[in-house]
Amino acid sequence: MAPSKPRVIYWFRTDLRLHDSPALKAALDLKPECLYPVWCWDPHYVYRARVGPNRWQYLLDCQSDLSASITKLNPKSKLFLIREAPQTLLAKLFKAWKITHIVFEKDTDAYARDRDENVVSQAKGAGVEVIIKMGRTLYDPDELVRANGGRPTMSITQVQKAGEKLGEVAKPIPAPKFLPDPGDTSLDFEHTQPSPNPDFNNIQRDEDDQSYNALAGPKGDFAVPTMAELGLKPASSQHRGGETIALKMLDEIISNTQYTATFSKPDTAPTAFAPQATTLLSPHHHFGSLSVRLLYWRVMDVLASYKGKQSTIPTNLIGQLLFRDMYFGAQAPLGYCFAQTVGNSHCRFIPWHLPSKIDPSNGLITGDHHIDTPEAETWFQRWKWGKTGFPWIDALMRQLRYEGWIHHLGRHAVACFLTRGGCYIDWERGAEVFEEWLIDHEVACNTGNWQWLSCTAFYSQFYRCYSPIAFPKKTDAKGEFVRHFCPELKDYPDKYIYEPWKAPIADQKKAGCLIKGDGDDTEGEGGMKIYPKPMFDFNARRTICIDAIKNAYHVNLYGDNPKVKDGTWRELFSDSAEGPTEGKSAKDASSANGNGEAKVKSGEEASGDMGVDQDEDEAAEVGGETRGGDRQGKRKRGKGKGQETLDGHFGGKRAKR
DNA sequence: AACATAGTTGCCTAG
DNA sequence: ACTAGGCAACTATGT
C-alpha cells in the first residue's frame, strides 16, 4: 500500500510571514498534496489578553498582508481564518479535511505552551503527526536555559555564554517560491462558541463583538475580520503591520550602514518622533512579520564590512536582540509566575501600592487589584491617562495610547515614575497598561522590562532614578515632544515646558493654558486651556521611594517566599516604610514616613490582604502543578478549596541571601 | 576569601 | 558645551 501524500495544516500564530520560517519550510519539505494555511481566532487573545484597537489593527494588517502574499504564490490559497478556539477547532479540522500533519512554530509563552500541549495530545490521539520548529527568537529559549545550567537567563552575559555553547544563530531561510493548493475547505461540523468570561477587552468595544458569529466569517470566505466585526472603533495609530512593510523597513535600516553599525540604544533620543530614533521593528518581531534571525544576520553582514567605529554588544542592534532572547530565556522556565511577583523565585517582593489580587485556586494574578490607598489609585489613573501634571510623563503616556509605541527610554521614564521613582505602585499595574496599549507587546519582554525598571529583577541600581524634568531636557531642551503630545502646552516658554507649574500666572495666560486642578478639566473660561498641577512633589517622592526600596532590599524577600503568600511579610516591614506595610498596626502609623507626608490609608483595605486572599492562607501543598491552564472562564471556581501552594514550584534553586 | 570592577541607558554641581 | 566626580549604594562576576 503506497503511503498517501501528506495533507498538512500549517498553523500560523505569532509567525505571520513567509520568509525565514523554519516551520513553514518543514511543512513544505513534506511535499504535501495540500497545505492549509490556518489561523484560529483564539478566545484567549480576544477576551483574556488585554488588547487595544491599535494592536488589533496591527494584527489584522499582518494577517491581510500574509494572506495576500499566500494568494500571490497560489491563487487558490489564502490565510484561512477560522473563528474558533484551536483547542476545539483543530481536532475537527483533522477529521473534516483528512489531515495527516500539523506544523507550527514553537511558542514558549506560558499560555501558548498549555494550548499547544493540548493540541499536540489531540493530534496524537487522531493519528496526526506534529512538527514544531523554533523561529521566534535567536535561540530556542529552552535550549538557552539548558545551556545556562537550567536557570532562567537573568543577565546579558549569561545569554552570551549560553549562546556560545549553542553555536551560531540559525541562518535565515528564503521565502517559498510556491505553495501547494489547499484541499476542500468545507466546515461540516458544529461551531463551538467560546465563553467570554472574563472579558478584559469589553472596555475596548463600543459595538457588539461579532467575531465568533460564523466559523468562516460573515461572508463564509475565511476573510480577516474587520475592526467593526470585532466591535472596535478605528485604530488611532499610524503604525501599520505586515511582512511587506517589515521587509521594506528592514531594507531601509540596513541600507543605512552607518546607522546600523553605530546604533547605540542609550544614545538614541526618546524625545525623537516622526521619525523616531530607534527601528520600530519590535511589533514586527512580536507578530513574526519580521524574523529576528534575518535582522540579526543582515546586521552582522553590515558589521563585517563597516570600516568606521562600530557600537558593540550590549548597546548595538545585536545586543537588543540578545536582550529579547534574555527575557524569553527568563520566562521559559518560570512559566506563568514570570509575569507576576507572587510565586516568582526570581522577582523581589516589594510592598507596592495597588498589589494584584491572587486567585487562591492557582496562585495566579486575577487581573484585578487591591486599592490599599485611594491616593495611589488616583495616581495610577492619572498616570495611565496622561494627567500627572508632569508634561514629559503625560506626553509619553498619550503617545502610548494614541500610537501604541514609545521609545524604549520613554518606557523607562514612565515605568520608573510609576514604580520605584514616584508613585511606588506595583509594576504589574504598569505592565497591564502596556499590555493593553503597546502594538509591540510581548509578554516576556514587557514583564522583564517592568521588573528591570522597578528593580525587582535584572537590575538593582534603584538610586539611579529618572527625573521627569532633567531626563528629557538632555535630548529636547525646547520640549518639542511635549508640545506635540500635550498641545495645550505648546505655547509655553522653553524654560517652563517640563515644569509648567513654575510659570507665573501672566505667562500661563499668555500661553493660553492655566496650570490648575487634577486633570478633570481640560478647558476653562474663554477657551483657556487647563493642564493639571503636578500630582506630587517629585523630589520628595523620589526620596521616599528610594528609602523604601532600600528597606525592601534589606528585608530581602522573593516572590516565592512563603511570607509573601501568607501575609506575614508585613511583620518584616516597619511602620515607617512606604506602601501598605502597616498591617495590623495601621492605626498607630498615620503619619510615620519621616518626610512629613501624611499617609492616606483607606479604612477599607489598608490592613487588608495583600496579594493573597487571606481566607486561603492555610493552603497546603496540593499537587505540584499550578500551570493555570484553566485561567479562562473558571477563575472564580473552587474558592477555598483545592488551592495549591504558591511557593516551591521552583524551590531550592536560588540560595537566599 | 576579600576585594575590585562592571553593569545597555541618573542627577547635580563644579570647573 | 563639555567632563569629572560626588552622590548613596544595588548585585553579579572575576581575580
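Worth knowing before you read on, the calculation uses all heavy atoms, side chains too, and leaves out hydrogens, waters and symmetry mates. Residue numbering restarts at 1 for every chain, and letters A, B, ... go by the order of the sequence lines.
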Are any of [X]'s side-chain N or O atoms less than 4.0 Å away from OP1 or OP2 of [N]?
X	N	answer
A/Lys161	C/dG14	yes
A/Gln158	C/dT13	yes
A/Arg348	C/dT11	yes
A/His554	C/dC10	yes
A/Arg464	C/dC10	no

Separation of [N] [atom2] from [X] [atom1] (nearest whole Å):
X	N	atom1	atom2	answer
A/Met326	B/dT9	CE	P	12 Å
A/Lys474	B/dC11	NZ	P	5 Å
A/Gln451	C/dC10	CD	C1'	17 Å
A/Asn148	C/dT13	CG	C1'	14 Å
A/Tyr466	B/dT8	OH	P	12 Å
A/Ile156	B/dG7	CD1	P	12 Å
A/Asn449	B/dT9	CG	C1'	12 Å
A/Tyr463	C/dC7	OH	C1'	10 Å

Sugar-phosphate only, base, or nothing, as touched by A/Phe471 at under 4.0 Å among non-hydrogen atoms: sugar-phosphate

Sugar-phosphate, base or nothing in reach of A/Thr315, heavy atoms under 4.0 Å: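 Base, at least one base heavy atom under 4.0 Å.
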
A/Tyr492 vs A/Cys513 side-chain heavy atoms within contact, under 4.5 Å: yes

Considering only atom [atom1], compute the distance from [N] to [M] and round it to an integer number of Å.
N	M	atom1	answer
C/dT11	B/dC11	P	22 Å
C/dA4	B/dA6	P	15 Å
C/dT15	B/dA1	C1'	11 Å
B/dT5	C/dG5	P	14 Å
C/dC2	B/dT8	C1'	23 Å

Among B/dT9, C/dC10, B/dC11, the nucleotide that comes nearest once only the side chain of A/Ser467 is considered: B/dC11

Nearest-nucleotide pick for A/Tyr553, side chain only, options being B/dG10, C/dT11, B/dT8: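 Closest of the options to the side chain of A/Tyr553: C/dT11.
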
Paired with [N]: which nucleotide, if any, by Watson-Crick or G-U wobble criteria at under 3.5 Å for both distances?
N	value
C/dT3	B/dA14
B/dT9	none
C/dT13	B/dA4

Cation-pi geometry met for A/Arg348 and A/Tyr553 (6.0 Å, 45°): yes

A/Asp394 and A/Thr388 side chains, donor-acceptor separation under 3.5 Å: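 Side-chain D/A pair, A/Thr388 to A/Asp394: present.
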
C/dC10 pyrimidine/purine six-ring stacking with A/Phe462, under 5.5 Å and 30°: no

Worked verdict on A/Trp385 versus A/Trp437 for ring pair (Phe, Tyr, Trp, His ring centres under 6.0 Å): CA-CA 11 Å; A/Trp385 298 102; A/Trp437 284 345; 5.2 Å; yes

Check: A/Phe417 ring centroid to A/Trp392 ring centroid under 6.0 Å: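 Distance test on ring centres: not under 6.0 Å, no.
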
is_close_aromatic(A/Phe328, A/Tyr139), centroid dist under 6.0 Å: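 Centroid distance A/Phe328-A/Tyr139: not below 6.0 Å, so no.
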
